[in-house]
Protein chains: 2
Amino acid sequence: MFGRVPKVYHPGVARARATDTREGLLDAAEALLLSEGYAAVTSRRVGAAAGVNPALVHYHFGSMDDLFLAVYRRRVAEGTDRLRQVLDDPQPLWALWEYNCDPRGTAFTMEFVALGNHRPVIRAEIAASATRVRDLQVDALDRILTRYGIARRECPPLVASVLLSSVARYLVLEEQALGLTDGHDQTVVFIERFLSRYEGSRRG
Amino acid sequence: MFGRVPKVYHPGVARARATDTREGLLDAAEALLLSEGYAAVTSRRVGAAAGVNPALVHYHFGSMDDLFLAVYRRRVAEGTDRLRQVLDDPQPLWALWEYNCDPRGTAFTMEFVALGNHRPVIRAEIAASATRVRDLQVDALDRILTRYGIARRECPPLVASVLLSSVARYLVLEEQALGLTDGHDQTVVFIERFLSRYEGSRRG
DNA sequence: GTCTATACTTCGATAGAC
DNA sequence: GTCTATCGAAGTATAGAC
(Lines give C-alpha, C1' and ligand atoms only; values in the text may rest on other atoms or scores of the structure.)
Protein backbone atom coordinates (compact mmCIF):
# COMPACT_ATOMS: atom_id res chain seq x y z
CA MET A 1 0.00 0.00 0.00
CA PHE A 2 2.66 2.49 1.05
CA GLY A 3 5.42 1.00 -1.02
CA ARG A 4 8.86 1.59 0.48
CA VAL A 5 8.92 3.93 3.41
CA PRO A 6 11.15 6.84 2.46
CA LYS A 7 14.07 6.79 4.85
CA VAL A 8 13.72 10.52 5.56
CA TYR A 9 10.56 9.74 7.48
CA HIS A 10 12.42 7.68 10.06
CA PRO A 11 15.91 9.07 9.99
CA GLY A 12 16.65 8.11 13.59
CA VAL A 13 15.72 4.47 13.26
CA ALA A 14 17.08 3.96 9.78
CA ARG A 15 20.35 5.69 10.54
CA ALA A 16 20.74 3.88 13.85
CA ARG A 17 20.66 0.52 12.09
CA ALA A 18 23.01 1.66 9.38
CA THR A 19 25.46 3.05 11.92
CA ASP A 20 25.39 -0.23 13.83
CA THR A 21 26.23 -2.17 10.70
CA ARG A 22 28.95 0.26 9.77
CA GLU A 23 30.54 0.13 13.20
CA GLY A 24 30.18 -3.63 13.26
CA LEU A 25 32.06 -3.90 9.99
CA LEU A 26 34.80 -1.61 11.28
CA ASP A 27 35.07 -3.66 14.47
CA ALA A 28 35.24 -6.91 12.53
CA ALA A 29 37.84 -5.56 10.13
CA GLU A 30 40.01 -4.27 12.96
CA ALA A 31 39.77 -7.53 14.90
CA LEU A 32 40.70 -9.55 11.83
CA LEU A 33 43.58 -7.23 11.08
CA LEU A 34 45.05 -7.62 14.56
CA SER A 35 44.48 -11.34 14.93
CA GLU A 36 45.35 -12.63 11.50
CA GLY A 37 47.02 -9.82 9.61
CA TYR A 38 45.81 -7.60 6.83
CA ALA A 39 45.64 -10.39 4.29
CA ALA A 40 42.77 -11.85 6.27
CA VAL A 41 40.74 -8.67 5.88
CA THR A 42 38.63 -9.54 2.85
CA SER A 43 35.10 -8.37 2.22
CA ARG A 44 33.82 -11.92 2.64
CA ARG A 45 35.52 -12.58 5.95
CA VAL A 46 34.73 -9.15 7.35
CA GLY A 47 31.08 -9.60 6.44
CA ALA A 48 30.99 -13.05 8.02
CA ALA A 49 32.66 -11.82 11.22
CA ALA A 50 30.20 -8.95 11.47
CA GLY A 51 27.28 -11.25 10.80
CA VAL A 52 26.14 -9.44 7.68
CA ASN A 53 26.41 -9.84 3.97
CA PRO A 54 29.81 -9.20 2.38
CA ALA A 55 28.24 -6.90 -0.18
CA LEU A 56 27.55 -4.42 2.61
CA VAL A 57 31.23 -3.74 2.90
CA HIS A 58 31.14 -2.18 -0.54
CA TYR A 59 27.85 -0.49 0.07
CA HIS A 60 29.13 1.30 3.16
CA PHE A 61 32.74 1.88 2.26
CA GLY A 62 33.13 1.49 -1.48
CA SER A 63 36.44 -0.26 -2.03
CA MET A 64 38.59 -2.24 0.37
CA ASP A 65 41.05 0.64 0.41
CA ASP A 66 38.29 2.84 1.76
CA LEU A 67 37.47 0.30 4.43
CA PHE A 68 41.10 0.20 5.53
CA LEU A 69 41.22 3.98 5.61
CA ALA A 70 38.10 4.13 7.77
CA VAL A 71 39.53 1.58 10.21
CA TYR A 72 42.79 3.48 10.35
CA ARG A 73 41.24 6.89 10.90
CA ARG A 74 38.97 5.68 13.65
CA ARG A 75 41.89 4.25 15.59
CA VAL A 76 44.13 7.25 14.99
CA ALA A 77 41.42 9.55 16.30
CA GLU A 78 41.26 7.52 19.51
CA GLY A 79 45.03 7.50 19.83
CA THR A 80 45.28 11.23 19.30
CA ASP A 81 42.72 11.88 22.03
CA ARG A 82 44.72 9.75 24.43
CA LEU A 83 47.93 11.53 23.52
CA ARG A 84 46.38 14.91 24.28
CA GLN A 85 45.49 13.71 27.77
CA VAL A 86 49.10 12.78 28.48
CA LEU A 87 50.03 16.35 29.24
CA ASP A 88 47.33 16.52 31.91
CA ASP A 89 48.87 13.60 33.74
CA PRO A 90 50.67 14.65 36.95
CA GLN A 91 53.64 12.57 35.71
CA PRO A 92 53.63 13.36 32.00
CA LEU A 93 56.93 11.61 31.18
CA TRP A 94 55.63 8.39 32.66
CA ALA A 95 52.34 8.83 30.86
CA LEU A 96 54.10 9.42 27.56
CA TRP A 97 56.26 6.35 28.04
CA GLU A 98 53.23 4.22 28.83
CA TYR A 99 51.38 5.64 25.87
CA ASN A 100 54.18 4.56 23.54
CA CYS A 101 54.34 1.15 25.19
CA ASP A 102 50.74 0.36 24.40
CA PRO A 103 50.93 -2.86 22.36
CA ARG A 104 47.70 -2.20 20.49
CA GLY A 105 48.97 0.77 18.58
CA THR A 106 52.13 -0.98 17.48
CA ALA A 107 50.60 -4.14 16.06
CA PHE A 108 48.07 -1.97 14.33
CA THR A 109 50.65 0.35 12.82
CA MET A 110 52.82 -2.51 11.67
CA GLU A 111 50.04 -4.07 9.66
CA PHE A 112 49.24 -0.77 8.03
CA VAL A 113 52.86 -0.12 7.20
CA ALA A 114 53.08 -3.45 5.44
CA LEU A 115 49.75 -2.73 3.79
CA GLY A 116 50.95 0.67 2.64
CA ASN A 117 53.84 -1.00 0.93
CA HIS A 118 51.61 -1.81 -2.00
CA ARG A 119 48.69 0.53 -1.47
CA PRO A 120 49.75 4.12 -2.09
CA VAL A 121 46.56 5.58 -0.62
CA ILE A 122 47.24 3.87 2.69
CA ARG A 123 50.86 4.87 2.66
CA ALA A 124 50.00 8.54 2.23
CA GLU A 125 47.50 8.40 5.07
CA ILE A 126 50.02 6.81 7.42
CA ALA A 127 52.69 9.35 6.62
CA ALA A 128 50.33 12.25 7.23
CA SER A 129 49.07 10.96 10.55
CA ALA A 130 52.56 9.98 11.72
CA THR A 131 53.70 13.54 11.21
CA ARG A 132 50.71 14.91 13.13
CA VAL A 133 51.29 12.55 16.05
CA ARG A 134 54.97 13.36 16.21
CA ASP A 135 54.30 17.10 16.20
CA LEU A 136 51.85 16.64 19.03
CA GLN A 137 54.34 14.60 21.01
CA VAL A 138 57.21 17.02 20.44
CA ASP A 139 55.04 19.88 21.57
CA ALA A 140 54.18 17.97 24.73
CA LEU A 141 57.80 17.06 25.44
CA ASP A 142 58.93 20.60 24.89
CA ARG A 143 56.68 21.79 27.67
CA ILE A 144 57.51 18.87 29.94
CA LEU A 145 61.27 19.26 29.60
CA THR A 146 61.03 22.99 30.10
CA ARG A 147 59.03 22.39 33.26
CA TYR A 148 61.82 20.14 34.57
CA GLY A 149 64.47 22.67 33.69
CA ILE A 150 66.13 20.49 31.04
CA ALA A 151 67.86 22.71 28.51
CA ARG A 152 66.77 22.35 24.90
CA ARG A 153 70.38 22.20 23.85
CA GLU A 154 71.21 19.40 26.24
CA CYS A 155 68.30 17.21 25.15
CA PRO A 156 66.18 18.56 22.31
CA PRO A 157 62.49 17.61 22.65
CA LEU A 158 62.59 16.20 19.14
CA VAL A 159 65.41 13.86 20.06
CA ALA A 160 63.70 12.89 23.29
CA SER A 161 60.55 12.13 21.37
CA VAL A 162 62.35 9.97 18.83
CA LEU A 163 64.32 8.09 21.48
CA LEU A 164 61.33 7.50 23.71
CA SER A 165 59.05 6.17 21.03
CA SER A 166 61.81 4.19 19.30
CA VAL A 167 62.64 2.12 22.33
CA ALA A 168 59.06 1.71 23.53
CA ARG A 169 57.64 0.74 20.19
CA TYR A 170 60.49 -1.53 19.21
CA LEU A 171 60.23 -3.45 22.47
CA VAL A 172 56.55 -4.02 21.83
CA LEU A 173 57.22 -4.98 18.25
CA GLU A 174 59.76 -7.60 19.26
CA GLU A 175 57.54 -9.02 21.93
CA GLN A 176 54.32 -9.06 19.96
CA ALA A 177 55.59 -10.09 16.60
CA LEU A 178 58.67 -12.14 17.35
CA GLY A 179 57.89 -13.46 20.80
CA LEU A 180 61.28 -12.13 21.79
CA THR A 181 61.53 -10.73 25.31
CA ASP A 182 65.21 -11.24 26.17
CA GLY A 183 66.54 -8.17 27.88
CA HIS A 184 63.23 -6.35 27.82
CA ASP A 185 62.72 -6.37 31.58
CA GLN A 186 66.20 -5.01 32.18
CA THR A 187 65.76 -2.35 29.54
CA VAL A 188 62.45 -1.22 30.98
CA VAL A 189 64.05 -0.97 34.41
CA PHE A 190 66.84 1.07 32.87
CA ILE A 191 64.41 3.49 31.21
CA GLU A 192 62.09 3.79 34.18
CA ARG A 193 64.96 4.58 36.49
CA PHE A 194 65.60 7.51 34.20
CA LEU A 195 61.96 8.60 34.34
CA SER A 196 61.96 8.34 38.12
CA ARG A 197 64.86 10.73 38.31
CA TYR A 198 62.52 13.51 37.17
CA GLU A 199 59.10 12.37 38.28
CA GLY A 200 59.69 9.87 41.06
CA SER A 201 58.19 6.41 40.90
CA ARG A 202 54.93 5.95 39.07
CA ARG A 203 51.82 6.70 41.09
CA GLY A 204 48.25 5.65 40.25
CA MET B 1 67.59 -43.32 -29.70
CA PHE B 2 68.93 -42.80 -26.19
CA GLY B 3 65.65 -41.62 -24.72
CA ARG B 4 66.10 -39.18 -21.86
CA VAL B 5 69.60 -38.72 -20.66
CA PRO B 6 69.63 -39.73 -17.01
CA LYS B 7 70.55 -36.64 -15.04
CA VAL B 8 73.17 -38.53 -13.05
CA TYR B 9 75.31 -38.66 -16.17
CA HIS B 10 75.69 -34.88 -16.32
CA PRO B 11 75.28 -33.77 -12.74
CA GLY B 12 77.45 -30.69 -13.15
CA VAL B 13 75.59 -29.23 -16.10
CA ALA B 14 72.14 -30.28 -15.01
CA ARG B 15 72.67 -29.01 -11.49
CA ALA B 16 74.23 -25.76 -12.65
CA ARG B 17 71.11 -24.87 -14.64
CA ALA B 18 68.83 -25.90 -11.81
CA THR B 19 70.78 -23.83 -9.33
CA ASP B 20 70.56 -20.81 -11.59
CA THR B 21 66.80 -21.12 -11.80
CA ARG B 22 66.51 -21.63 -8.07
CA GLU B 23 68.64 -18.61 -7.29
CA GLY B 24 66.81 -16.58 -9.89
CA LEU B 25 63.52 -17.40 -8.24
CA LEU B 26 64.89 -16.46 -4.84
CA ASP B 27 66.22 -13.18 -6.23
CA ALA B 28 62.91 -12.38 -7.88
CA ALA B 29 60.93 -13.22 -4.76
CA GLU B 30 63.18 -11.06 -2.58
CA ALA B 31 63.04 -8.13 -4.98
CA LEU B 32 59.26 -8.32 -5.16
CA LEU B 33 59.00 -8.56 -1.41
CA LEU B 34 61.06 -5.43 -0.87
CA SER B 35 59.57 -3.35 -3.65
CA GLU B 36 55.90 -4.21 -3.40
CA GLY B 37 55.38 -6.08 -0.17
CA TYR B 38 54.77 -9.72 0.57
CA ALA B 39 51.33 -9.73 -1.02
CA ALA B 40 53.03 -9.23 -4.38
CA VAL B 41 55.03 -12.42 -3.97
CA THR B 42 52.85 -14.91 -5.83
CA SER B 43 54.03 -17.88 -7.81
CA ARG B 44 52.87 -16.22 -11.04
CA ARG B 45 54.64 -12.93 -10.44
CA VAL B 46 57.79 -14.53 -9.11
CA GLY B 47 57.96 -16.78 -12.14
CA ALA B 48 57.40 -13.87 -14.49
CA ALA B 49 60.05 -11.73 -12.78
CA ALA B 50 62.55 -14.58 -12.96
CA GLY B 51 61.71 -15.22 -16.59
CA VAL B 52 60.59 -18.79 -16.03
CA ASN B 53 57.36 -20.67 -15.68
CA PRO B 54 55.40 -20.18 -12.45
CA ALA B 55 55.12 -23.93 -11.99
CA LEU B 56 58.85 -24.03 -11.31
CA VAL B 57 58.28 -22.26 -8.03
CA HIS B 58 56.45 -25.30 -6.79
CA TYR B 59 58.86 -27.70 -8.39
CA HIS B 60 61.85 -26.15 -6.61
CA PHE B 61 60.32 -25.07 -3.33
CA GLY B 62 57.05 -26.92 -2.88
CA SER B 63 54.64 -24.45 -1.30
CA MET B 64 54.81 -20.67 -1.11
CA ASP B 65 55.58 -20.99 2.59
CA ASP B 66 58.68 -22.95 1.66
CA LEU B 67 59.70 -20.29 -0.84
CA PHE B 68 59.35 -17.59 1.81
CA LEU B 69 61.40 -19.67 4.23
CA ALA B 70 64.15 -20.14 1.67
CA VAL B 71 64.27 -16.40 0.95
CA TYR B 72 64.36 -15.64 4.65
CA ARG B 73 67.08 -18.13 5.49
CA ARG B 74 69.34 -16.96 2.68
CA ARG B 75 69.16 -13.37 3.86
CA VAL B 76 69.59 -14.27 7.54
CA ALA B 77 72.70 -16.25 6.69
CA GLU B 78 74.20 -13.20 4.97
CA GLY B 79 73.24 -10.94 7.85
CA THR B 80 74.76 -13.30 10.41
CA ASP B 81 78.03 -13.37 8.53
CA ARG B 82 78.14 -9.59 8.50
CA LEU B 83 77.36 -9.43 12.20
CA ARG B 84 80.26 -11.74 12.98
CA GLN B 85 82.62 -9.39 11.17
CA VAL B 86 81.52 -6.46 13.33
CA LEU B 87 83.72 -7.58 16.19
CA ASP B 88 86.75 -7.49 13.93
CA ASP B 89 86.16 -3.84 13.14
CA PRO B 90 88.64 -1.52 14.86
CA GLN B 91 85.62 0.53 16.02
CA PRO B 92 83.15 -2.21 16.90
CA LEU B 93 80.53 0.07 18.48
CA TRP B 94 80.38 2.15 15.33
CA ALA B 95 80.26 -0.98 13.21
CA LEU B 96 77.43 -2.41 15.29
CA TRP B 97 75.48 0.82 15.04
CA GLU B 98 75.92 0.92 11.29
CA TYR B 99 74.93 -2.72 11.01
CA ASN B 100 71.66 -2.01 12.78
CA CYS B 101 71.08 1.06 10.64
CA ASP B 102 71.16 -0.91 7.42
CA PRO B 103 67.78 -0.22 5.80
CA ARG B 104 67.72 -3.48 3.89
CA GLY B 105 67.48 -5.66 6.95
CA THR B 106 64.68 -3.64 8.44
CA ALA B 107 62.36 -3.51 5.46
CA PHE B 108 62.96 -7.18 5.00
CA THR B 109 62.21 -8.07 8.60
CA MET B 110 59.09 -5.93 8.63
CA GLU B 111 57.56 -7.76 5.72
CA PHE B 112 58.28 -11.10 7.31
CA VAL B 113 56.85 -10.01 10.62
CA ALA B 114 53.61 -9.04 8.93
CA LEU B 115 53.75 -12.26 6.95
CA GLY B 116 54.29 -14.30 10.10
CA ASN B 117 51.14 -12.80 11.52
CA HIS B 118 49.09 -15.30 9.59
CA ARG B 119 51.66 -17.92 8.67
CA PRO B 120 52.75 -19.83 11.78
CA VAL B 121 55.68 -21.52 10.04
CA ILE B 122 57.17 -18.14 9.16
CA ARG B 123 56.54 -16.77 12.61
CA ALA B 124 58.43 -19.62 14.24
CA GLU B 125 61.37 -19.18 11.91
CA ILE B 126 61.60 -15.46 12.65
CA ALA B 127 61.46 -15.98 16.39
CA ALA B 128 64.25 -18.56 16.26
CA SER B 129 66.56 -16.46 14.12
CA ALA B 130 65.86 -13.29 16.10
CA THR B 131 66.99 -15.04 19.25
CA ARG B 132 70.17 -16.27 17.57
CA VAL B 133 71.02 -12.81 16.25
CA ARG B 134 70.42 -11.18 19.61
CA ASP B 135 72.61 -13.71 21.40
CA LEU B 136 75.36 -13.02 18.89
CA GLN B 137 75.03 -9.28 19.37
CA VAL B 138 74.96 -9.48 23.16
CA ASP B 139 78.05 -11.63 23.12
CA ALA B 140 79.79 -9.05 20.93
CA LEU B 141 78.70 -6.14 23.12
CA ASP B 142 79.80 -7.91 26.25
CA ARG B 143 83.33 -8.10 24.94
CA ILE B 144 83.27 -4.56 23.56
CA LEU B 145 82.02 -2.98 26.76
CA THR B 146 84.50 -4.96 28.82
CA ARG B 147 87.27 -3.74 26.55
CA TYR B 148 86.20 -0.14 27.21
CA GLY B 149 86.02 -0.72 30.93
CA ILE B 150 82.28 -0.21 31.18
CA ALA B 151 80.90 -2.11 34.16
CA ARG B 152 78.24 -4.70 33.45
CA ARG B 153 76.18 -3.31 36.29
CA GLU B 154 76.30 0.23 34.95
CA CYS B 155 75.20 -0.73 31.45
CA PRO B 156 74.38 -4.41 30.92
CA PRO B 157 75.33 -5.63 27.43
CA LEU B 158 71.81 -6.94 26.98
CA VAL B 159 70.37 -3.49 27.64
CA ALA B 160 72.92 -1.87 25.37
CA SER B 161 72.00 -4.29 22.63
CA VAL B 162 68.29 -3.65 22.98
CA LEU B 163 68.73 0.13 23.08
CA LEU B 164 71.11 0.24 20.16
CA SER B 165 69.01 -1.87 17.82
CA SER B 166 65.74 -0.31 18.95
CA VAL B 167 66.73 3.19 18.01
CA ALA B 168 68.58 2.26 14.84
CA ARG B 169 65.90 0.00 13.47
CA TYR B 170 63.02 2.23 14.40
CA LEU B 171 64.60 5.20 12.69
CA VAL B 172 64.97 3.18 9.54
CA LEU B 173 61.44 1.87 9.84
CA GLU B 174 60.02 5.36 10.12
CA GLU B 175 62.04 6.66 7.25
CA GLN B 176 61.50 3.75 4.89
CA ALA B 177 57.93 2.95 5.61
CA LEU B 178 56.42 6.24 6.69
CA GLY B 179 58.67 8.70 4.91
CA LEU B 180 59.07 10.37 8.28
CA THR B 181 62.48 11.86 8.98
CA ASP B 182 61.70 14.65 11.44
CA GLY B 183 64.31 14.66 14.17
CA HIS B 184 66.28 11.78 12.73
CA ASP B 185 69.35 13.85 11.93
CA GLN B 186 69.45 15.30 15.41
CA THR B 187 68.95 11.90 16.98
CA VAL B 188 71.73 10.35 14.94
CA VAL B 189 74.06 13.17 15.99
CA PHE B 190 73.06 12.53 19.58
CA ILE B 191 73.82 8.82 19.33
CA GLU B 192 77.04 9.21 17.40
CA ARG B 193 78.35 11.73 19.90
CA PHE B 194 77.93 8.96 22.43
CA LEU B 195 79.79 6.46 20.25
CA SER B 196 82.60 8.94 19.69
CA ARG B 197 83.12 9.21 23.42
CA TYR B 198 84.45 5.66 23.41
CA GLU B 199 85.80 5.17 19.93
CA GLY B 200 86.45 8.62 18.55
CA SER B 201 84.94 9.72 15.29
CA ARG B 202 84.32 7.11 12.63
CA ARG B 203 87.28 6.26 10.43
CA GLY B 204 87.18 4.42 7.12
C1' DG C 1 64.08 -29.46 -15.50
C1' DT C 2 60.87 -26.97 -17.81
C1' DC C 3 56.67 -26.11 -19.98
C1' DT C 4 51.38 -26.31 -21.05
C1' DA C 5 47.06 -26.94 -19.38
C1' DT C 6 43.91 -27.15 -15.99
C1' DA C 7 41.37 -28.05 -11.49
C1' DC C 8 40.03 -25.68 -7.65
C1' DT C 9 39.71 -21.73 -4.52
C1' DT C 10 39.01 -17.12 -3.11
C1' DC C 11 38.99 -12.52 -4.02
C1' DG C 12 36.73 -7.54 -5.34
C1' DA C 13 32.98 -5.66 -7.17
C1' DT C 14 28.32 -5.02 -9.08
C1' DA C 15 23.29 -5.70 -10.73
C1' DG C 16 18.95 -6.38 -9.23
C1' DA C 17 15.22 -8.45 -6.08
C1' DC C 18 13.23 -7.41 -1.76
C1' DG D 1 19.69 -1.09 3.79
C1' DT D 2 20.30 -5.74 3.01
C1' DC D 3 20.39 -9.84 0.49
C1' DT D 4 21.15 -13.28 -3.64
C1' DA D 5 23.56 -14.24 -7.54
C1' DT D 6 27.18 -13.75 -10.42
C1' DC D 7 31.18 -12.03 -13.33
C1' DG D 8 35.99 -11.72 -14.11
C1' DA D 9 40.54 -11.73 -12.21
C1' DA D 10 44.11 -13.79 -9.66
C1' DG D 11 45.83 -17.10 -6.54
C1' DT D 12 47.93 -22.22 -5.24
C1' DA D 13 48.89 -26.37 -6.79
C1' DT D 14 49.20 -30.53 -9.71
C1' DA D 15 49.27 -33.76 -13.88
C1' DG D 16 51.44 -34.81 -17.85
C1' DA D 17 53.91 -33.77 -22.38
C1' DC D 18 58.45 -32.73 -23.82
Side-chain angles (χ1 to χ4, degrees), chain A residues 1-26 28-29 32-33 36-70 115 118-119 121-122, chain B residues 1-26 28-29 32-33 36-70 115 118-119 121-122:
Chain A
M1 190 62 184
F2 295 103
R4 285 189 62 204
V5 178
K7 59 183 174 185
V8 278
Y9 284 3
H10 304 294
V13 177
R15 200 180 286 164
R17 278 239 173 101
T19 301
D20 283 354
T21 300
R22 225 188 106 95
E23 289 297 308
L25 287 171
L26 287 175
L32 265 175
L33 184 83
E36 300 190 48
Y38 74 76
V41 182
T42 69
S43 53
R44 283 176 166 83
R45 294 196 61 180
V46 169
V52 298
N53 194 279
L56 288 185
V57 170
H58 297 99
Y59 173 80
H60 284 284
F61 299 98
S63 70
M64 291 305 288
D65 268 2
D66 295 323
L67 171 63
F68 279 119
L69 282 182
L115 193 56
H118 54 282
R119 299 209 188 211
V121 186
I122 305 285
Chain B
M1 189 60 182
F2 295 104
R4 284 190 62 204
V5 178
K7 61 181 174 186
V8 279
Y9 284 4
H10 304 292
V13 177
R15 201 180 285 164
R17 280 239 173 103
T19 300
D20 284 353
T21 300
R22 225 189 105 95
E23 289 297 308
L25 288 171
L26 287 176
L32 266 174
L33 185 82
E36 300 191 49
Y38 74 76
V41 183
T42 69
S43 51
R44 280 179 165 85
R45 294 196 61 179
V46 169
V52 298
N53 193 279
L56 288 184
V57 171
H58 298 99
Y59 174 79
H60 284 285
F61 298 98
S63 70
M64 292 304 288
D65 268 2
D66 294 324
L67 170 64
F68 279 119
L69 282 182
L115 193 56
H118 54 284
R119 298 206 189 212
V121 186
I122 306 285

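This structure is a prediction, so every number in the text was calculated from the model and none was measured. The chains referred to below are lettered A, B, ... by the order of the sequence lines, with proteins before strands, and numbering in each begins at 1. Worth knowing before you read on, the calculation uses all heavy atoms, side chains too, and leaves out hydrogens, waters and symmetry mates.
The structure places NE2 of A/His58 at 8.5 Å from CG of A/Leu67, a figure rounded to the nearest 0.5 Å. Here the OG1 atom belonging to A/Thr21 is positioned 5.0 Å from the NE2 atom belonging to A/His60, to the nearest 0.5 angstrom.
Residue-level contact check: B/Val52 touches the backbone only, with heavy atoms under 4.0 Å from sugar-phosphate atoms and none from bases.
The heavy-atom pair separating B/Ala50 from B/Gly24 by the smallest distance is CB-O, 3.8 Å. Residues A/Ala70 and A/Arg22 share a closest heavy-atom pair of CB-NH2, 4.5 Å.
The interatomic distance linking B/Leu56 (CG) with C/dT2 (C1') rounds to 5 Å, in whole Å. Atom C1' of nucleotide C/dC3 and atom NE2 of B/His60 are separated by 12 Å, given to the nearest angstrom. Regarding B/Leu32, its CG atom lies at a distance of 15 Å from the P atom of D/dA10, rounded to whole Å. The nearest whole Å value for the distance from the CZ atom in A/Phe61 to the P atom in C/dG12 is 14 Å.
Looking only at side-chain heavy atoms (C-beta outward), A/Val121 and A/Phe68 stay at 4.5 Å or farther from each other. The shortest side-chain heavy-atom distance between B/Phe61 and B/Leu26 falls under the 4.5 Å cut-off. The side-chain heavy atoms of B/Asn53 and B/Tyr59, taken from C-beta on, include no pair separated by under 4.5 Å. Between A/Val57 and A/Met64 the shortest side-chain heavy-atom distance falls below 4.5 Å.
Helix-axis bend for the helix from C/dG1-D/dC18 to C/dC18-D/dG1: the local axis fitted to the five terminal pairs at one end deviates from that at the other end by 0°, rounded to 10°.
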request  = Would you mind building the protein contact string for nucleotides 11-16 of chain D? One character per nucleotide, 5' to 3', B for base within reach (heavy atoms under 4.0 Å), S for sugar-phosphate only, - for untouched.
outcome  = BBBB--

